[in-house]
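Residue numbers count from 1 along this sequence. None of these values were measured; they are calculated from a predicted model.
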Amino acid sequence: MSGKNAFSDCVILGDGFSAHLAAIAMAPHLRVTHLVGPGRDVEHPKGPDDMNGHRAHSHIFLPRLEVELRKINPAILDRFAKHALQFTPGSKRLTGDVPQECRRLFATRWQTDSALLELFGETVGLAKTQTQIQGAALKAGSIRQLDLQDNAPLSVQEDTLVIDAMGGNSPLMSDLLVQTGAGVDQPSNVVYVTQFFRLDQPSSKGLPDPLIECGHDFGALYMTLYPAQGGWFSLTLAIHAEHRDLVRKFREPDAFLELANSHPKARVWLSRARAVGPNRMFIKPRNRWNVGVLTADGTPKNYVPVGDALTSMNPTLGANCSFSATHIRIARDLVRDRVADFPSAYAALVTKEQYAFFEGAIAANAPPKPFVAYKDARQSRWDKRLNRTLRKLRGRDKPGIQNLLKETSSLNS
């Protein structure tokens, strides 16, 4: 292969959201020869017990994802819509003509994964190689062999693009970080405890506005309610990692439910639902920006990481799936346009589009706050509640809601 981008096919490493999205994006431009991953059963998920890790965590998908999916392939959004998964105003108080920054998709990861897998099967139709990647061998600056745990090594040609969608624990990226020392790695100091619920009746009509009315600041932790399709919803506690006592306490189902029921708006949701499965703890202790690896000496010329393998951040910002879609769209465009010096061009565009947003995640963390019960919280005083009710009745809360959604939009950078 010359110095120009002349890839003829690609191998995709991973089996999750990023891997399948990358396959759908690349298929019109490169022949996808292999999708290699552990092969977890995500074909027909029924709920949180079928999932683990990221897929079992609550999700709110930010508007950058909608923008990127439309650029990658509008059929993805059409497929989502067939599953009743659509970007809508991020609050029941807003109408459909809100700015793009205010739109959100409320869904669980297993619901979006299922819709994406259907389209993957129809457009790519590639059987997965179910095994773990252990490493790679290079020749003349390009990956020429992938070492697999349970299979013979997989030979790779110089003009084959290797797309790494293996997430934050990618062995290929881990090796490159050791070799180059070019990554940014800082703590995020947040632990998440999530409990899934299902409404007795699938409709959430008449229930309090989940994202706006049910969220609550308890000082040392923040509670958020995420609705989804089919009557599913979840409550997630984002707890400062230094409060290990609170993490231990709220892993106990009774303590978790007691805290959630102390909030009158959340209690309305819980009164019409049942808990499903145990609550789950999800730790995301690091914010990582590995883009510098791509411009360091020794990085393979036919290697491109996407998603958490390239950069990850505190999930409270809800931006990692949006980040991944941006990576895939940029890589697809560079392949389509046969841009020369592929890794450097890719790194420059990712940095231009995302680093400003990422900087917000690595800002210095404030000291942990003490825990404040609902009854003692300033925003729970009767006069504050009355003022919010009056503003709602007069329609004066809508500009504030829009500003809140815009401030947390992944389109802002």
Any luck finding a side-chain donor-acceptor pair between His327 and Gln354 under 3.5 Å? yes
Rounded at 0.5 Å granularity, tell me how far NZ in Lys301 sits from CD in Glu158. 5.5 Å
Flag the pair Arg288 and Asp185 as a salt bridge only when some basic side-chain nitrogen lies within less than 4.0 angstrom of an acidic carboxylate oxygen. yes
Any chance you could lay out the side-chain contact (heavy atoms from CB on, under 4.5 Å) test for Phe323 and Leu310, step after step, and finish with the verdict? CA-CA 9 Å; Phe323 266 39; Leu310 182 64; over 6 Å; no
Would you call Glu118 and Lys82 a salt bridge, using N to O less than 4.0 angstrom? no
Is it true that, when you exclude Asp200 itself, more than 12 heavy atoms of the residues, nucleotides or ligands shown sit nearer than 6.0 Å to its CG? yes
Indicate the ring-plane relationship of Trp232 and Phe196, choosing parallel, tilted or perpendicular according to the 30° and 60° boundaries. perpendicular
Apply side chain to side chain donor-acceptor pair (under 3.5 Å) to Thr33 and Asp9, showing your working. CA-CA 7 Å; Thr33 61; Asp9 55 26; 5.0 Å; no
Before you tell me yes or no, could you show the steps for Thr131 and Gln149 under side chain to side chain donor-acceptor pair (under 3.5 Å), namely the whole-Å CA-CA distance, both residues' side-chain angles and the distance that decides it to 0.1 Å? CA-CA 6 Å; Thr131 186; Gln149 184 177 46; 5.0 Å; no
Anything under 30° is parallel, anything over 60° is perpendicular, the rest tilted; go ahead and classify Phe218 against His216. perpendicular
Would you say that more than 12 heavy atoms from the other residues, nucleotides or ligands in this model lie under 6.0 Å from the CZ of Arg244, or not? no
Tell me, yes or no, whether the heavy-atom count around Lys249 atom NZ, taken from other residues, nucleotides or ligands under 6.0 Å, exceeds 12. no
Tell me whether Gln134 at atom CD has more than 12 heavy atoms from other residues, nucleotides or ligands lying less than 6.0 Å away. yes
Lys/Arg N to Asp/Glu carboxylate O, Asp15 vs Lys128, below 4.0 Å: no
Nearest-0.5 Å distance, CG of residue Leu411 to NZ of residue Lys406: 11.5 Å
I'd like to know if Asp333 and Arg336 make a salt bridge, using a cut-off of under 4.0 Å between side-chain N and carboxylate O. yes
Walk me through whether Trp269 and Phe233 qualify under ring-ring contact (aromatic ring centres under 6.0 Å, His included). CA-CA 9 Å; Trp269 280 77; Phe233 71 94; 5.0 Å; yes
Under 3.5 Å donor-acceptor, Arg144 side chain and Gly141 backbone: no
Determine, step by step, whether Asp397 and Ile212 satisfy the side-chain contact (heavy atoms from CB on, under 4.5 Å) criterion, reporting the C-alpha distance in whole Å, the side-chain angles of both residues, the deciding distance to 0.1 Å, and the verdict. CA-CA 11 Å; Asp397 59 338; Ile212 305 302; over 6 Å; no
Which is it for Ser344 and Thr295 under the side chain to side chain donor-acceptor pair (under 3.5 Å) test, yes or no, and what are the steps along the way? CA-CA 6 Å; Ser344 294; Thr295 56; over 6 Å; no
Kindly check if the number of other-residue, nucleotide or ligand heavy atoms within 6.0 Å of CZ (Arg385) is above 12? yes
